[in-house]
Amino acid sequence: MQMNRTHIRKFPALAAACALAGLSMPVLAQSTPADVRDLVGARAAGAESQLLSRGYVSAGGSQGDDRKWTYWWNEQRGVCLSVTTREGRYDAIVATPAPDCRQSAARGGGAPEFRDPGPQDGYREHIALVCYGEGHKLGNELKSGYEYDTDKRKYVARSGVELKKQDYDTSLTIDINGERGRIRPAKEMVPPIHADNEDGWFPITDLNVSRDFIRGAFKLNNFNQPKITIDRRNGHIALDGMSKFSGTCDSLDRDRKF
């Protein structure tokens, strides 16, 4: 059997084991469609032209630190590709579910391995995030000084409490398990009079988790119920309410981004 050099570089131990056992190496062959297998390792500019000529159209993508991911949809075959580009070359091409190409799961035709398998039995998505950023809240500030008294016709000492916006740098934590979610804001964000919570955790209401966004709200008190928006494509989070926050989230799961 003749093995692709890229496969051998990426999976040396597996290649050796297969060779000793006299077996073929099916790992990449199963996940890389046959009509684009020759483009793995090709220069991105030329490979992109090849994808277009073979019936694929661009369906968006994202940029990482040292690589980028693009999605390509083939309407005739009902196949969605995820292409990883690194150092100007196509590092990997794999079939991925149709929704990644912004298509409904029902449109993912072709071979069974190209179709969206849907939710796995008993699986509930768990998302654990820590988010760092800056925000502000309204707080009381003691003010003192002198003020001109027209009756006494002179400056007199005055003191009082003034409502003022307070800025802070802080972090918060979010935990989502299936259809339920909760948020633990920093102590600076929690007003003196606040709703019931469990060790600083407030339940997230109207939770909506999609491929690209996480949305919801939580209740600090009757007057302060910030809305939550998290962009899963870049990790940006925004809280919009009397307490505001803007920052970036990272996953607490070590093996993947959220």
Practice task
Identify the heavy atoms of H236 and S246 that sit nearest to each other, and give their distance.
Solution key: NE2-OG, 3.1 Å

Practice task
Indicate yes or no for a side-chain donor-acceptor contact from R232 to the backbone of S210 under 3.5 Å, with no hydrogens or angles considered.
Solution key: yes

Practice task
Report yes or no: is the cationic atom of R54 (NZ for Lys, CZ for Arg) closer than 6.0 Å to the six-membered ring centre of Y56, at no more than 45° off its axis?
Solution key: no

Fill in the blank from the handout: In this structure, CG of D199 is separated from CZ of R184 (nearest 0.5 Å) by 8.5 Å

Exercise for the section: Take R77 and D35 through the side chain to side chain contact (heavy atoms under 4.5 Å, CB included) test and state the conclusion after the steps. Expected result: CA-CA 11 Å; R77 299 188 60 210; D35 65 324; 2.9 Å; yes

Exercise for the section: Please check if atom CG in D66 has more than 12 non-hydrogen atoms from other residues, nucleotides or ligands closer than 6.0 Å. Expected result: yes

Practice task
Could you pull out the closest heavy-atom pair between I193 and N221, with the gap in Å?
Solution key: O-ND2, 3.0 Å

Handout entry: Over 12 non-hydrogen atoms of neighbours within 6.0 angstrom of CZ in R211
Key = yes

Problem - Any donor-acceptor pair under 3.5 Å from T32 side chain to I93 backbone - result: yes

Practice task
Flag yes if L207 and L220 sit in one hydrophobic cluster, no otherwise; membership is Ile, Leu, Val, Met, Phe, Trp, Tyr, and two members link when side-chain heavy atoms are under 4.5 Å apart.
Solution key: yes

Handout entry: Reported NE2-to-OG distance for the pair H126 and S251, which is rounded to 0.5 angstrom
Key = 9.0 Å

Problem - Atom CZ of F213: over 12 foreign heavy atoms under 6.0 Å - result: yes

Exercise for the section: Drop me the distance from E48's CD to T85's OG1, to the nearest 0.5 angstrom. Expected result: 8.5 Å

Problem - Side-chain (D175) to main-chain (A128) donor-acceptor, under 3.5 angstrom - result: no

Exercise for the section: For the pair L39 and L51, evaluate side chain to side chain contact (heavy atoms under 4.5 Å, CB included) and give the outcome as yes or no after the intermediate values. Expected result: CA-CA 9 Å; L39 300 181; L51 285 176; 3.8 Å; yes

Handout entry: Check: P203 and R180 side chains under 4.5 Å, non-hydrogen atoms
Key = no

Fill in the blank from the handout: In this structure, CZ of R43 is separated from CD of Q50 (nearest 0.5 Å) by 15.0 Å

Practice task
Treating Ile, Leu, Val, Met, Phe, Trp and Tyr as nodes and any side-chain heavy-atom pair under 4.5 angstrom as an edge, say whether L52 and V83 lie in one connected cluster.
Solution key: yes

Problem - Reported CD-to-SG distance for the pair E75 and C101, which is rounded to 0.5 angstrom - result: 11.0 Å

Practice task
Compare every heavy atom of K244 with every heavy atom of G241, then report the nearest pair and how far apart it is.
Solution key: O-CG, 3.2 Å

Exercise for the section: Side-chain contact test, heavy atoms from C-beta onward, threshold under 4.5 Å: evaluate it for V57 versus N74 and give yes or no. Expected result: no

Handout entry: Q63 (side chain) donor-acceptor with R67 (main chain) under 3.5 angstrom
Key = yes

Problem - Parallel, tilted or perpendicular, as decided by the 30° and 60° cut-offs, for the rings of F202 and H194 - result: perpendicular

Exercise for the section: Would you check, one step at a time, whether the test side chain to side chain contact (heavy atoms under 4.5 Å, CB included) holds for W73 with V79? Expected result: CA-CA 6 Å; W73 173 252; V79 174; 5.8 Å; no

Practice task
Indicate the atoms forming the closest heavy-atom contact of A186 with S171, along with that distance.
Solution key: CB-O, 3.3 Å

Problem - I237 CD1 to T229 OG1 distance, which is reported to the nearest 0.5 Å - result: 8.5 Å

Handout entry: Given I230, T173, L172, the one that forms side chain to side chain contact (heavy atoms under 4.5 Å, CB included) with L129
Key = I230

Practice task
Please examine the side chains of C80 and W72, heavy atoms only from C-beta on, and report whether any two atoms are closer than 4.5 Å.
Solution key: no

Problem - Audit row: L81, Y71, side chain to side chain contact (heavy atoms under 4.5 Å, CB included) steps and yes/no - result: CA-CA 5 Å; L81 298 179; Y71 296 97; over 6 Å; no

Problem - Y90 to A47 - nearest heavy-atom pair and separation - result: CE2-CB, 3.2 Å

Exercise for the section: Group every Ile, Leu, Val, Met, Phe, Trp and Tyr by side-chain heavy-atom contacts under 4.5 Å, then state whether V209 and I204 land in the same group. Expected result: yes

Problem - Min side-chain heavy-atom separation N224-P226 under 4.5 Å - result: yes

Practice task
Examine distances only and state if a side-chain atom of T205 and a backbone atom of A217 form a donor-acceptor pair shorter than 3.5 Å.
Solution key: yes

